[in-house]
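First comes the structure, then the notes that go with it.
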2 protein chains.
Amino acid sequence: MSLDTLSAHVGDADDLARILGRALLTSHWLPGDLFPRELDVAAHFGVSRNLVRNALTQLAATGLIVRTAGRGTLVRDLNDWHLLDPRLSEWMSGLVDLNPQLLREIYAFRLSAEPVVTSLAATAASADDLQRIEAAFEGMAKTATSAQKRLEHAEYDVAFHDAVYQASHNLVWRQMEHLLRPSILALVQRSQHSLTALDDSLARHGRIVEAIRRGDGEQAATAARAVLERTAEDLRLAWPGIHSSQKETT
Amino acid sequence: MSLDTLSAHVGDADDLARILGRALLTSHWLPGDLFPRELDVAAHFGVSRNLVRNALTQLAATGLIVRTAGRGTLVRDLNDWHLLDPRLSEWMSGLVDLNPQLLREIYAFRLSAEPVVTSLAATAASADDLQRIEAAFEGMAKTATSAQKRLEHAEYDVAFHDAVYQASHNLVWRQMEHLLRPSILALVQRSQHSLTALDDSLARHGRIVEAIRRGDGEQAATAARAVLERTAEDLRLAWPGIHSSQKETT
DNA sequence: AGTCTATAAAATGTCTGACATTTAGGCTAT
DNA sequence: ATAGCCTAAATGTCAGACATTTTATAGACT
């Protein structure tokens, strides 16, 4: 594949990294392909080779590509992507044609992780944390009545789960907040929520709030599972094979 | 703080990033401090400013520092570190004086996450996965008898848990393998394993193997918890507050 | 014919120096 | 005292040259 379809104003290295990163995330190039040479990229976007190098360095850091002197730049496989790099999450946010397999993997992860995180939050949340969770929940409730406010609703949804992760009070769990935004935004773009579905989802979120307020870890875990199962239905994710990816021995 | 105590041969940008990254990880500079200017770093290590910039770009990507034009380079707080960045894990590996709070956070994370991962592994492991797990376990057994083989034993230990994460067959969980090495190596450096303690630990690992072989998720989770509790004892981690970090409203 | 070696070409890595841009702080004029 | 300008300092970008690594090719030798 070539650079032809890509064009946008490139202000700095971050801009270029985002443009190329999103192209890679949407399979504009396929794993194993040879990525265009630095000088070609520089010529196409009208920037210096130096800036291109800075951008490609970022792409390499996220595992999207691998560069070796003399050989060139190779596009890497999904299995090698650093899904937990915040930059990757940022690039994924708002992409309409995100790799479906990737979406499934992220949901499978959340399905297994979020009950634990929510349980932790129930036992570790401070008054401050609880307040943030409740505020986000109220925002969700306020925006659940109209189909026009789907995007605003999604933002509150992100804030809600983010607040839960923060409330776990663990540095590692808190880093995974970044995975929430792309995965929740994808929900908005792919599913046509009926209002009754939104209502059901809201009720399930409410049970998380209650459990955390009572400090009941068991209940919190159960409630978190209920929310994610609802989400999976809305996304129509194939349930049985959700946590399987191709096997390899590397 | 200054660069004075740092000196080593710098071959490329990765070398320099590792040296500076480790210095930051061991609190050679404190959060909020102004990091030395690019030209000073370049002069000290006898390399070009360009190479320094490449190294600092990596440090910024891991959240260790933040750079703003005109202002300079600031050292960031532990809360902002991207603990899931593989490079950070690599820099952490082998550090003897790793921040104790950081170690506690990583262990708290593993204590909550690993039961889930192990349970997933029990239901998703292929024959290949199981074979790798068993091979690592046998390596652990073989090296558990002598105090001289602690390092070799640790490597098998890493391989064991790594294989379990891989067996979960989830792209996100598999990324967290990187956290294992520093956290297991820290165990070797800090605790003086008695041989009976090693024997106990080995037995607990064995129960994980059995559970996965039987495909019993519940048992696998329980066995994983047992292993980590043993580990915590060996590390003498303060148990009650293990999953608490300072609260903040960011 | 086949294999090993030397050479050349192509791509990424590094160095150097200059200029651009952003930030902070001080200085002046009102 | 304050608004505005000016300057110094630090990071960001550009340009061109050279270094290093990898791959492919042509040639010599067996």
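Residue numbers start from 1 in every chain, and the chains themselves are labelled A, B, ... in the order their sequence lines are given, proteins ahead of strands.
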Nearest nucleotide by nearest heavy atom, which residue falls closer to the 5' end of DNA chain D, A/Ala69 or A/Gly46?
A/Gly46
Taking for each residue the nucleotide of DNA chain D with the nearest heavy atom, is it B/Arg71 or A/Asp14 whose nucleotide lies nearer the 5' end?
B/Arg71
Give me the ring orientation class for A/Trp29 and A/Phe35: parallel if the planes are under 30° apart, tilted from 30 to 60°, perpendicular past 60°.
tilted
Ring-plane angle category for B/Phe160 and B/His205, please: parallel below 30°, perpendicular beyond 60°, tilted otherwise.
perpendicular
Separation of [X] atom [atom1] from [N] atom [atom2], in whole Å?
X	N	atom1	atom2	answer
B/Leu39	C/dT16	CG	C1'	12 Å
A/Arg67	C/dG13	CZ	C1'	9 Å
A/Asp12	C/dT21	CG	C1'	12 Å
B/Phe45	C/dT14	CZ	C1'	17 Å

If you measure only the distance, is there a donor-acceptor pair under 3.5 Å linking the side chains of [X] and [Y]?
X	Y	answer
A/Ser112	B/Trp173	yes
B/Tyr165	B/Glu114	yes
A/Asn54	A/Gln58	no

In plain terms, say whether B/Glu152 and B/Lys142 are close enough for a salt bridge, that is, a side-chain N and a carboxylate O under 4.0 Å apart.
no
Distance, nearest 0.5 Å, that separates OG1 of A/Thr62 from CH2 of A/Trp81:
9.0 Å
When B/Arg181 is tested against each of B/Glu155, B/His161, B/Glu90 for side-chain hydrogen bond (donor to acceptor under 3.5 Å, both in side chains), which residue passes?
B/Glu155
Could you give the start and end, 5' to 3', of the contact zone on DNA chain D for chain B, using atoms under 4.0 Å from its heavy atoms?
D/dA10 to D/dT13
Scan residues 47-55 of chain A against DNA chain D and write down, sorted by residue number, each residue with any heavy atom closer than 4.0 Å; if none is found, say none.
A/Ser48, A/Arg49, A/Asn50, A/Leu51
